[in-house]
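Each chain gets a letter, A, B and so on, in the order the sequences are listed, and its residues count up from 1.
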2 protein chains.
Amino acid sequence: MSNEGRSKRADARRNEKTLLAAAAAVFVTSGVDAPVRDIAAKAGVGMGTIYRHFPTRADLIIAVYRHQVDACAEAGPALLADSESPHTALRKWINLFVDFLVTKHGLAEVLRSDKGGFDTLHTYFLDRLVPVCAELLDAAAAAGEIRSDLTALQLMRGVGNLCIGADDPRYDARQLVDVLIAGLRRSR
Amino acid sequence: MSNEGRSKRADARRNEKTLLAAAAAVFVTSGVDAPVRDIAAKAGVGMGTIYRHFPTRADLIIAVYRHQVDACAEAGPALLADSESPHTALRKWINLFVDFLVTKHGLAEVLRSDKGGFDTLHTYFLDRLVPVCAELLDAAAAAGEIRSDLTALQLMRGVGNLCIGADDPRYDARQLVDVLIAGLRRSR
DNA sequence: AGACAAACGGAACATCGCTCCATTATCATA
DNA sequence: TATGATAATGGAGCGATGTTCCGTTTGTCT
């Protein structure tokens, strides 16, 4: 899907690039659930073209943010190597993830749910990031720094949920995630 | 609004009861964002009737769950008096709130947002519960048991967010809330 | 150049929230 | 009890949005 190779026609490849740029632009102004028509208009293409390239909205969102998600995933092992303790590495990595989420209006909202056909999006994020999170989590648990009764999947979903509604200035998602991570510390 | 007294016509009062019952029934099967048409059909009335009695969906949801929210709010002071420590009272009260939220499909989802006209719902829950939460939070802070840099509003929103998607059996909202509350404990 | 398939565009259909007002039912009053 | 004022109803209709479908256009290959 979203083939970047030479296998498609030239106009198809061109339109895919145009669509990604248009979608990225619309996402920052109207959020990730902007009307399909708006994205099509911004790109100057018909709606059929969007659906041909990105059958579901999830596919489009994934394509737009793939690089950033990958960067976040790849930062995990590096942090683990560079930080003085696994718990610190975990905290830094989670902060990276939170920074990414809160700057994408509405992304955390649609990331949450298996509802509405956003299955693919949910699955992609989890497949890509849960293993990284698990590595950091295991390291911290092995070092005896945190409780070990929480799975990486649980933690990721919890953090994702806490980032919902971060647009509201009265709600500080970062602070709540801090509290959550503090709660991981092994008691006593 | 939603006058229960003798001031309205008999058929109006009758329809209001019918609507509340129908809405409650539909909410458990289809979630709180079930189509308005479905609720009207279930109640055997026209859609205009719904909008006359409950101008926004939030009004309907509030009317359906008002008693349970009130019960939760009133349980706060009682828990504070009965528990051995304010922190324990806070934990128990939060658990009460979480139990309420996770059993109402989709309620946490719509509770989150100022988006989509659910303002009233958000406001009602917060007006009713934040003062109670603040009392418990202040007591625990005064006892030196928890960090004091978190507002009751922040905490309530965080807990509400963590309850989103609790339908999924792989996601245990209660456990994550436990971790969050544990994170409130004053370090060292 | 010509032909063929890939890609396109946008009209058309479905769903849902919400409004509007002609019609119906209730109730105070004579 | 009959009646008229008016409270309340119901559902067609409008606008917004997601999604499909197919006649038309355009690239590419020979």
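Remark: the B:Asn15 side chain and the B:Thr18 side chain contain no N/O donor-acceptor pair separated by less than 3.5 Å.
In this structure, B:Arg185 places its CZ atom where only 12 or fewer heavy-atom neighbours from other residues, nucleotides or ligands lie under 6.0 Å away.
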**Q.** Base-contact (B) and sugar-phosphate-only (S) positions in nucleotides 18-25 of chain D, heavy-atom cut-off under 4.0 Å, - elsewhere
**A.** BBB-----

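Rounded to an integer number of Å, the gap from NZ of B:Lys8 to P of D:dT6 is 19 Å. What separates CG of B:Asp59 from P of C:dC18 is a distance of 11 Å, to the nearest Å. If you measure from atom CG of B:Asp11 to atom C1' of C:dT26, you get 6 Å, rounded to the nearest angstrom. Between A:Arg14 atom CZ and C:dA6 atom P the separation is 18 Å, expressed in whole Å. Per the geometry, CZ belonging to B:Arg13 stands 12 Å off P belonging to C:dT26, to the nearest Å. Computed from coordinates, the A:His53 NE2 to C:dG9 C1' distance equals 12 Å when rounded to whole Å. One interatomic measurement links the two molecules: CD of B:Glu16 to P of C:dT26, which rounds to 17 Å at whole-angstrom precision. A straight line from CZ of B:Phe118 to C1' of C:dC18 spans 13 Å, rounded to a whole angstrom.
Counting all heavy atoms, side chain and backbone alike, B:Arg147 lies closest to B:Gly183 at CD-O, 3.7 Å.
OP1 or OP2 of D:dG10 lies within a sub-4.0 Å distance of a side-chain N or O belonging to B:Thr49. Contact between the side-chain N/O atoms of A:Asn15 and the OP1/OP2 oxygens of C:dC8 is found at a separation under 4.0 Å.
Contact of the B:Phe54 side chain with the B:Leu20 side chain is registered, since non-hydrogen atoms from C-beta on lie closer than 4.5 Å.
The existence of a salt bridge linking A:Arg157 and B:Asp168 is confirmed by a sub-4.0 Å separation between a basic side-chain nitrogen and an acidic carboxylate oxygen.
In the hydrophobic clustering of this structure, A:Leu111 groups with B:Leu162; members are Ile, Leu, Val, Met, Phe, Trp, Tyr whose side-chain heavy atoms approach within less than 4.5 Å, directly or through other members.
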(Q) Could you go through B:Glu109 and B:Val32, starting from their C-alpha distance and side-chain angles, then the distance that decides it, and tell me whether this counts as side chain to side chain contact (heavy atoms under 4.5 Å, CB included)? (A) CA-CA 9 Å; B:Glu109 279 85 342; B:Val32 295; over 6 Å; no

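The CG atom of B:Leu80 sits 9.5 Å away from the CG atom of B:Leu90 when rounded to the nearest 0.5 Å.
Among the duplex regions that DNA chain C forms, those built from at least three successive Watson-Crick or G-U pairs under 3.5 Å are C:1-30 with D:1-30, ordered by first number.
Taking the six-membered ring where tryptophan is involved, the planes of A:Phe125 and A:Phe100 are essentially parallel, since the angle between them stays under 30° and well short of 60°.
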